[in-house]
Each structure stands twice: as C-alpha cells, then as structure tokens.
2 protein chains.
Amino acid sequence: MLGRMGDKWTIMTIAMLVQRPTRFNELKRMIGGISQQMLTRTLRSLEGDGLVLRKVHPSVPPQVEYSLTPLGQSLAQPLLALGTWVMDNMGAIQSHREQIGTPPVDENLAQGVRHRPRQRG
Amino acid sequence: MLGRMGDKWTIMTIAMLVQRPTRFNELKRMIGGISQQMLTRTLRSLEGDGLVLRKVHPSVPPQVEYSLTPLGQSLAQPLLALGTWVMDNMGAIQSHREQIGTPPVDENLAQGVRHRPRQRG
DNA sequence: CCGTATCCACCATGATACTG
DNA sequence: CAGTATCATGGTGGATACGG
C-alpha cells in the first residue's frame, strides 16, 4: 500500500472508481496506457488493503466489477485533493523547471558509468 | 516531481520542512533512515520543482538551510492530509491484510523465475 | 472477458569513498 | 557540515503467452 500510495496508476484507478463501480477492461480503457498486468497488480494491491471490492458477476462472459470500499472512499478524498493540486500546479512547476533549465525528468541525477571502478578497499 | 510525489522520503521531507526551515543534517536526523544521497536527491528534486528553497549561509562550517517556498507550502496541505490518512488507517489496512492472510508486501506478486523461457516467436 | 505465469530491462536506492 | 562520484542490486513495470 505505502509503496503504491503515490503510484500514478493507483491514483488513476481510485479516481476512476470513485465515480462509479467499473469493470476491468473499461477501467483499463479509461485509465489509458496501463498494462493489463499492472492494472491487475494495482487492483489486487488495493483489494488486499481493503480499499477496493472485487465482485464477480456469474455471467457467460466473465464480468468482474470493482468498487471502492468505505475505506477506499475515505482515501479518495485526500488522494484526489493531492491529484488536483498536481494538475493545478503542474504548469507552475514546469515553468520553474524551464526557467532554471532543468529537464523535467531526473536525468541529471541518473547514474553515469563512465569508467572502470577502482578497487574498493 | 510526479515520480517523487508519493515517495515517502518526499512526504517526510516536506513534513519536516513545513514546521520550520531546517539544515541538511538535522533534516537527515529528523527523517531518520534516509541516506545522505537520497536526501540530497529529494531536496534537489523539490528545489528544481520550485517547492523548496535552498539557502547557503556563508559561515565557517558550511550551513545550508532548506525551507518551503509558497508553492511548497501549498503542496504541504494536501500531501500531509494524505500522510495523515495513511497514519490513521494503517492499522485498519494491516488488520485487513492479516484477516485475508496476505503479507503486507507484494511477495505473492513477485516474479518467480523457475524455468527457462521458451523462444519468443 | 478477466485474469495469471514468466521473463526482462531499467532505474531508484543504498553504501561507500572522496571533496571543500 | 554538506555534497558529489561511483558502483551494485533489487524491485517495478512492460510484454507476452497461456488458462478458465
């Protein structure tokens, strides 16, 4: 949970589910760009934490509907508040990055292996 | 930024800085468990996003003080609300995990390499 | 349709040593 | 004290194939 807390897929998933219960593939389409595997992992994680309820409708094509539990709904509020802040301030942040000439990704912090290591003593 | 948004170190760092401007090593002690490298990266990232201000006091032992910018302070509110939610509900989540017998980590989802892959075709 | 199993590439993080 | 440089490693997420 804590690991996935700030994960964008988790935020997106909860943002979708807070609107209404949704089926797997619809969720996948709505979120967009998430792999099936990742959506499954995210949902299983949320389910394991008791934030999401998984309901299987016994129909000929399998239908599985996901919804937020009360606990999940209580999380949605602060989580989406954070998401809203990010959306609102993303422009300001990017403007700042451009001013200081820093790329929006942490490439400058990436490791650069340039020569052989020396022996550690 | 978005990458570090939900990062626990980022949350911890902002939680410390929202109280008062703090120096590097004091920050490191207060947060606890963070490596020097990671704290530096977190602060640089926040600084690059315009959320944290870095101020060098020209003194004999180098003194660098970090503080939140107004933008950073505006982030602190929703971010700490989220942190508070986690603290408040961590118990409920762990209880749920124990009930369903799932370990708190995603070990069950970890990759298991058991045999050679077959040729991809 | 709704998943699980498997493999892999990448990068985030920790540890350590070094600098000023 | 505050930070940078360097390397090893483990976890995260993608892709794909398969199963019910």
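In what follows, chains are A, B, ... by sequence order, proteins preceding strands, each numbered from 1.
- Side-chain contact between B:M16 and B:I31 is present, with at least one heavy-atom pair separated by less than 4.5 Å.
- What separates CZ of B:R44 from P of C:dT13 is a distance of 16 Å, to the nearest Å.
- Non-hydrogen atoms lying under 4.0 Å from DNA chain C are contributed by B:S35, B:Q37, B:M38, all within residues 27-38 of chain B.
- For residues 54-69 of chain A, proximity to DNA chain C is found at A:R54, A:P62, A:V64, A:Y66, defined as any non-hydrogen atom under 4.0 angstrom from a strand atom.
- The interatomic distance linking A:L43 (CG) with C:dC1 (P) rounds to 16 Å, in whole Å.
- Evaluation of the salt bridge (charged side-chain N to carboxylate O under 4.0 Å, His left out) rule for B:E65 yields no partner, not counting sequence neighbours.
- Looking only at side-chain heavy atoms (C-beta outward), B:L68 and B:V52 come within less than 4.5 Å of each other.
- In this structure, the CZ atom of B:F24 is 7 Å from the C1' atom of D:dG3, given to the nearest Å.
- Protein atom CG of B:L39 is 15 Å distant from nucleotide atom C1' of C:dA12, rounded to whole Å.
- Paired with B:R44 under the rule side chain to side chain contact (heavy atoms under 4.5 Å, CB included), one option of B:T40, B:L46, B:T42 passes, and it is B:T40.
- Here the CG-NE2 distance, from A:L51 to B:H96, works out to 8.5 Å after rounding to the nearest 0.5 Å.
- Distance check, rounded to the nearest 0.5 Å: NZ of B:K28 to CD of B:Q36 gives 6.5 Å.
- Between B:R41 atom CZ and D:dT6 atom C1' the separation is 10 Å, expressed in whole Å.
- A:L43 has its side chain within reach of A:L39: a pair of non-hydrogen atoms, C-beta onward, lies under 4.5 Å apart.
- In this structure, the CG atom of A:N25 is 9 Å from the P atom of C:dG3, given to the nearest Å.
- Expressed to the nearest 0.5 Å, how far CG of A:L27 lies from CG of A:L17 amounts to 5.0 Å.
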